[in-house]
Amino acid sequence: MTEKERGKKILGINNEVIERCVRCGSCRTVCPVFNVTHEEPSVARGKIFLANMINQGKVELDKEAAEFFNLCTTCLRCAEICPVMVDYEKIIISARALAVEKFGLPPEKKAAVMLFSNRNLLETAGKITAPLTKLFTKSSKSPQNRLLLINVPRLGKVLLPEIKSKPFNDKDRWYRAKGAEKGKAVFFAGCMFNNFYTETAMNVVKVLNALGYSVFVPRDQHCCGAPAFFSGDLKTFEKMKEKNLKTLQKLDVDFVVTACATCGHILKKEYRELPYESRELIEVLFENIEEVGKWKFPKKIRVTWHHPCHIVRGQKIPRNYPLDVLKVVGNVEFTSLEEADNCCGMGGSFKLSHPEISREIQIKKAKNIEKTKSDAVLTECPGCVMNIAEGLERIDSSIQSFHIADLLVKCIE
Ligand code: SF4
Ligand code: SF4
């Protein structure tokens with residue numbers, strides 16, 4: 001085969017990327033979706049085979065084939081175990097992008113992309129619905145989350161994060177470091193923090209300030225584009241990226257900090273034009289572990305940790321970082337979690353498009369957490385916080401789910 005023939009074909013990616021798969025099946029042993037369905041199209045090997053056929057023009061990408069490419073949480077466990085290091089994310093996003101070009105976004109993904117890519121729409125929704133929230137929800141065991149008053153058919157208990165009437169980034173603000181300034185950071189909060197978990201967002205800032213970093217929160221920040229990117233709507237993604245880069249590129253700071261695994265993954269991998277480094281909160285905490293070691297939680301607390309997919313595999317942040325950090329905080333007893341790095345089942349809009357499969361993965365996660373007999377499960381992704389909180393409610397667990405910043409802030413106040 002000539003070099004030209006091996007070049008880009010229908011999916012817009014080089015054949016070699018797809019042909020790398022040796023069909024060993026190792027990905028079947030780790031895929032959370034395959035673990036539920038036990039069907040080949042659920043797993044990377046099946047999808048890559050189909051992508052190869054499409055790329056060679058032997059099979060047409062029809063609606064049924066497009067559906068197979070959506071049957072995936074993009075947890076990247078397959079890519080991590082793959083002996084030949086297949087670039088699975090590239091293949092799945094290219095296949096989804098072709099499907100979106102041909103058929104448009106499926107309704108649930110269209111709704112999610114439309115809401116999250118339009119800041120005004122999200123903020124208006126917050127203004128209108130926030131005062132009415134108590135009419136149709138009740139409080140959940142996990143803070144900043146609410147449970148719908150009625151169980152939804154096929155889903156049972158449904159948990160939602162509290163939407164806020166005023167966004168976290170309502171105007172440009174500097175929050176100054178406590179004591180000597182070690183550096184300046186811009187906080188790219190993302191939609192979940194700006195519009196839902198605003199208290200956690202503030203806690204992230206307080207923790208960074210306590211470590212000696214001044215933090216700038218710009219009003220002009222938009223969704224990082226992850227919902228569009230992972231759905232294959234690359235045009236919308238590029239628009240979001242362009243808008244955010246316009247703000248980020250003109251700032252005189254040392255780094256951009258994220259506290260949402262998916263925002264961090266997208267910024268590190270896709271915002272290559274950033275003039276400074278993108279760092280996840282957990283990386284900053286680990287770098288300052290001596291300082292964190294002086295902190296003490298007000299009372300004894302037993303915690304466990306869930307590794308978000310987009311931190312350990314998306315950003316390849318070592319798994320020991322959060323564990324080492326938690327182990328040095330006074331009054332915190334760390335207990336390990338079985339399959340701590342398995343997906344929580346959320347997978348962005350996967351939860352909406354495949355609710356039954358998503359729920360099975362979620363319940364498995366919640367049951368593993370319940371076995372730890374912890375007071376709380378911590379993580380560093382608002383999506384995981386929410387989905388795990390829902391899973392814990394569904395199995396009637398008393399364990400709370402919250403962000404690591406929510407625990408650390410109590411050590412410094
Ligand atoms: S682990 Fe990698 S090489 Fe093996 S079947 Fe899966 S994608 Fe292909
Ligand atoms: S990304 Fe996760 S869900 Fe998707 S095929 Fe790979 S292991 Fe399965």
Side-chain angles (χ1 to χ4, degrees), residues 11 13-56 65-97 99 106 108-109 226-227 229-232 261-262 265-266 269-270 306-316 319 339-365 368 381 383-384 387-388 391:
L11 291 177
I13 43 176
N14 197 296
N15 274 350
E16 277 177 28
V17 174
I18 299 182
E19 287 169 4
R20 224 178 160 142
C21 172
V22 293
R23 310 196 64 212
C24 68
S26 300
C27 45
R28 289 165 62 118
T29 63
V30 292
C31 175
V33 178
F34 181 77
N35 193 269
V36 174
T37 65
H38 302 288
E39 286 168 1
E40 187 70 7
S42 308
V43 78
R45 183 173 72 175
K47 291 185 182 69
I48 294 170
F49 179 75
L50 183 58
N52 199 6
M53 292 293 106
I54 291 167
N55 219 29
Q56 290 179 29
E67 180 48 30
F68 288 147
F69 291 119
N70 284 330
L71 189 56
C72 166
T73 66
T74 61
C75 72
L76 303 178
R77 285 193 105 196
C78 49
E80 188 178 46
I81 201 173
C82 179
V84 290
M85 292 186 289
V86 155
D87 191 348
Y88 176 74
E89 192 175 84
K90 193 171 209 161
I91 297 170
I92 196 81
I93 300 301
S94 304
R96 286 179 180 181
E108 70 287 344
K109 287 182 192 278
F229 180 81
F230 287 108
S231 301
T262 304
H265 174 47
I266 287 287
K269 205 160 170 231
E270 303 297 327
H306 159 74
H307 289 296
C309 303
H310 289 163
I311 285 198
V312 291
R313 288 178 288 275
Q315 299 180 59
K316 298 190 171 44
R319 285 162 173 77
E339 291 200 283
D341 66 353
N342 196 11
C343 180
C344 70
M346 173 97 181
S349 55
F350 179 81
K351 187 178 164 77
L352 299 174
S353 60
H354 298 86
E356 287 88 0
I357 300 172
S358 167
R359 186 177 50 175
E360 272 203 48
I361 303 170
Q362 177 200 52
I363 298 286
K364 189 178 174 201
K365 172 67 66 179
N368 279 337
C381 177
C384 299
N387 200 43
I388 290 173

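Keep in mind that this is a model prediction, so the values were computed, not measured. Order of appearance sets the numbers: ligands from 1, and atoms from 1 within every ligand.
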Side chain, backbone, both or neither: [X] near ligand 1, heavy atoms under 4.0 Å:
X	answer
V84	side chain
C78	neither
I48	side chain

Is it the side chain (CB and beyond), the backbone, both or neither of [X] that lies under 4.0 Å from ligand 2, heavy atoms counted?
X	result
T74	backbone
L76	backbone
Y88	side chain

ask   = How about H265 and F229: are their ring centres within less than 6.0 Å of each other?
value =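 That pair fails the under 6.0 Å test.
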
Report, in ascending order of atom number, the atoms of ligand 1 lying under 4.0 Å from any heavy atom of [X].
X	result
C21	3 (S), 5 (S), 7 (S), 8 (Fe)
R45	5 (S)
C82	1 (S), 2 (Fe), 3 (S)
P83	1 (S)

query = Going by the angle between their ring planes, with limits at 30° and 60°, are F350 and H354 parallel, tilted or perpendicular?
reply =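 Ring orientation of F350 relative to H354: parallel.
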
request  = List the closest protein heavy-atom neighbour of atom 4 (Fe) of ligand 1: residue, atom name, distance to the nearest 0.1 Å.
outcome  =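 Nearest protein contact, heavy atoms only, for atom 4 (Fe) of ligand 1 is C24 SG, 2.3 Å.
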
query = Looking at atom 2 (Fe) of ligand 2, what's its closest protein heavy atom, distance included?
reply =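 Its nearest protein heavy-atom neighbour is C75 SG, 2.3 Å.
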
task = Answer yes or no for C27: is there a heavy-atom contact with ligand 2 below 4.0 Å?
result =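 Outside the 4.0 Å threshold, so no.
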
ask   = Should you measure from each heavy atom of V33, which atoms of ligand 2 turn up under 4.0 Å away?
value =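 Near V33, meaning under 4.0 Å from one of its heavy atoms, ligand 2 has 3 (S).
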
query = By number and element, which atoms of ligand 2 are closer than 4.0 Å to a non-hydrogen atom of A44?
reply =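 Contacts of ligand 2 toward A44, numbered from 1: 5 (S).
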
ask   = Is C31 close enough that one of its N/O/S atoms sits under 2.8 Å from atom 8 (Fe) of ligand 2?
value =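 Yes, C31 qualifies, because one of its backbone or side-chain N, O or S atoms lies under 2.8 Å.
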
request  = Report yes or no: does C72 have an N/O/S atom closer than 2.8 Å to atom 2 (Fe) of ligand 2?
outcome  =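 No - counting backbone and side chain alike, C72 has no N, O or S atom under 2.8 Å.
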
ask   = Can you tell which of K316, K365, R319 makes a salt bridge (Lys or Arg N to Asp or Glu O under 4.0 Å) with D341?
value =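 Exactly one option meets the salt bridge (Lys or Arg N to Asp or Glu O under 4.0 Å) with D341, and it is R319.
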
